[in-house]
Amino acid sequence: MTRIPHETSGEPNPLQALTLDRLRQRTSMKWRTYPEDVLPLWVAEMDVPLADAVVRAVTDALHLGDTGYPAGTAYAEALAAFAGKRWGWGGLAVERTAIVPDVMLGVVEMIKLVTGPGDTVVVNSPVYPPFYMFLEHMDRRVAEAPLGADGRLDLGVLEETFRQAVADGRRAAHLLCSPHNPTGTVHTAEELSAVAGLAERYGVRVVADEIHAPLVLGDAPFVPYLSVPGAERGLSLMSASKGWNLPGLKAALAIAGPGAAADLERMPEEVGHGPSHVAVIAHTAALRDGVTWLDALLTGLEGNRRLLADLLAEHLPAIRYQPGDATYLAWLDCRALDLGDDPAEVFLERGRVALSSGLPFGTGGTGHVRLNLGTSQEVLTEGVRRMAAALR
Ligand SMILES: Cc1ncc(COP(=O)(O)O)c(C=O)c1O
């Protein structure tokens, strides 16, 4: 799989475009959950203005009154072209895709296609907390196959968890987070092939949440799960939501491997009524015309990862931070600080900085926090200053 290097263009770093005063005018979850004196570095929203291509497409739609129901395959076509150019993956077949309301509701629908109530879904903890919430809400049993100490998939543990999941003859699925939230781990082609091999051996169906795929920062290439040999019966969810900061414009795509096409066809038609047409327009424009913006963002995020590592080394050397190659999230091991199970609470109360608690991320989350790097260098610096001040 070839990786096309980020182009350097005249596009300014979108992370440096907005002042804190301007950001505080936002009314979304990141900005309205805590009081004004708290610096929010938690939920996965980025402090960026939107790509011009997205603003233009949405504004044109609004001027035209193009606010009806979604139709056609433009989103899937834009994603297929992006996947081909970005990841060298020519296997995204538009006819094996369906629009879904967002990634998590897409995950729910894919899991429903391949398992029933009471069946097990395997997750790799620590992992994005809604995985637990949504799966439990749909009466699936969640089984954890924790990541190894290196933050990578532990294939031995995964195999044993698969074996137990199907031991009583029930169906099972593996909800794979790729790249992984919160560690930023980019799974390699070898790891993903091994997952596919195990899944086939045990009859476990893989559903890959690949929402963070456009946000691969380092030298590790993103490998689409459905591109690896043996993954033909897999299902994937992709979206422009994280890469271009569009969670308020809800839409996503479900993609089936050739061996899962019949499953996807069983998805009820009404699921496709959920995504917003304007969101589909926004996501399509992002993937088609927002790549220069994305590259400028990734360059900015690379700088922020280096800055965070430097700031922690200087002010909070006891925190362990192994930067991942993807996402704008940093997973911080604070156990050496002796702040108890939930250091986020201490940083919030004493430092007035909001981070995500590691606890709801499942096994491996105790004593950890997740910090959102998708902000300016000034805000990031102030965030670490507040964390350090909380310890004085
Ligand atoms: C791994 C993962 N999946 C899904 C989502 C949510 O996506 P959506 O808003 O499209 O449901 C997020 C949001 O941060 C995420 O990190």
Side-chain angles (χ1 to χ4, degrees), residues 28-30 33 40-48 70 75 79 97-111 121-135 137-138 142 147 151 153 173-187 206-217 222 224-225 235-255 271-272 274-276 278-280 282-284 286-287 301 324-331 354-358 360-362 365 370-375:
S28 60
M29 188 183 281
K30 184 177 191 183
T33 299
L41 294 176
W42 65 295
V43 68
E45 299 178 14
M46 282 192 286
D47 299 345
V48 289
Y75 189 178
L79 180 62
T97 64
I99 53 166
V100 289
D102 60 22
V103 166
M104 282 316 300
L105 292 177
V107 163
V108 165
E109 294 301 331
M110 296 307 106
I111 296 284
V121 180
V122 177
V123 302
N124 304 109
S125 57
V127 74
Y128 181 57
F131 278 17
Y132 297 93
M133 293 151 58
F134 279 76
L135 292 171
H137 181 64
M138 60 193 297
V142 180
L147 299 176
L153 292 171
H174 177 203
L175 178 50
L176 176 74
C177 193
S178 180
H180 194 85
N181 173 2
T183 56
T185 309
V186 179
H187 308 304
V206 176
V207 175
D209 173 343
E210 300 185 306
I211 195 171
H212 291 281
L215 289 168
V216 176
L217 313 178
F222 169 71
Y225 178 69
L235 291 153
S236 158
L237 281 310
M238 288 196 179
S239 172
S241 163
K242 287 297 117 180
W244 285 267
N245 201 40
L246 306 172
L249 286 166
K250 280 200 172 275
L253 281 166
I255 309 156
V271 177
S276 135
V278 177
V280 168
H283 288 223
T284 306
L287 289 159
L301 288 175
D325 283 310
T327 80
Y328 51 82
L329 306 165
W331 184 237
L355 308 169
S356 298
S357 164
F361 288 77
R370 194 192 70 178
L371 181 149
N372 179 342
L373 288 162
T375 189

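Whatever order the structure lists them in is the order used to number ligands and atoms, beginning at 1.
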So E210 and I255, do their side chains get closer than 4.5 Å, heavy atoms only? no
Quick one: closest heavy-atom pair of A286 and L246, and the distance? CB-CD1, 4.3 Å
List for me each residue that meets side-chain contact (heavy atoms from CB on, under 4.5 Å) alongside S276, sequence neighbours excluded, and say none if there are none. V278, A279
Kindly print each ligand 1 N/O atom paired with any protein N/O atom under 3.5 angstrom away, one pair per line, or none if nothing qualifies.
{"unit_1": "ligand 1", "atom_1": "3 (N)", "unit_2": "D209", "atom_2": "OD2", "d": "2.5"}
{"unit_1": "ligand 1", "atom_1": "9 (O)", "unit_2": "K250", "atom_2": "NZ", "d": "3.3"}
{"unit_1": "ligand 1", "atom_1": "10 (O)", "unit_2": "V103", "atom_2": "N", "d": "2.8"}
{"unit_1": "ligand 1", "atom_1": "11 (O)", "unit_2": "V103", "atom_2": "N", "d": "3.3"}
{"unit_1": "ligand 1", "atom_1": "11 (O)", "unit_2": "M104", "atom_2": "N", "d": "3.0"}
{"unit_1": "ligand 1", "atom_1": "14 (O)", "unit_2": "K242", "atom_2": "NZ", "d": "3.1"}
{"unit_1": "ligand 1", "atom_1": "16 (O)", "unit_2": "N181", "atom_2": "ND2", "d": "2.8"}
{"unit_1": "ligand 1", "atom_1": "16 (O)", "unit_2": "H212", "atom_2": "NE2", "d": "2.8"}

Atom of Y128, atom of F361 and distance for their closest heavy-atom approach: N-CD2, 3.9 Å
Any heavy-atom pair between the side chains of D325 and F222 that's under 4.5 Å? no
Measure across P275 and P70 and return the closest heavy-atom pair with its distance rounded to 0.1 Å. O-CG, 3.6 Å
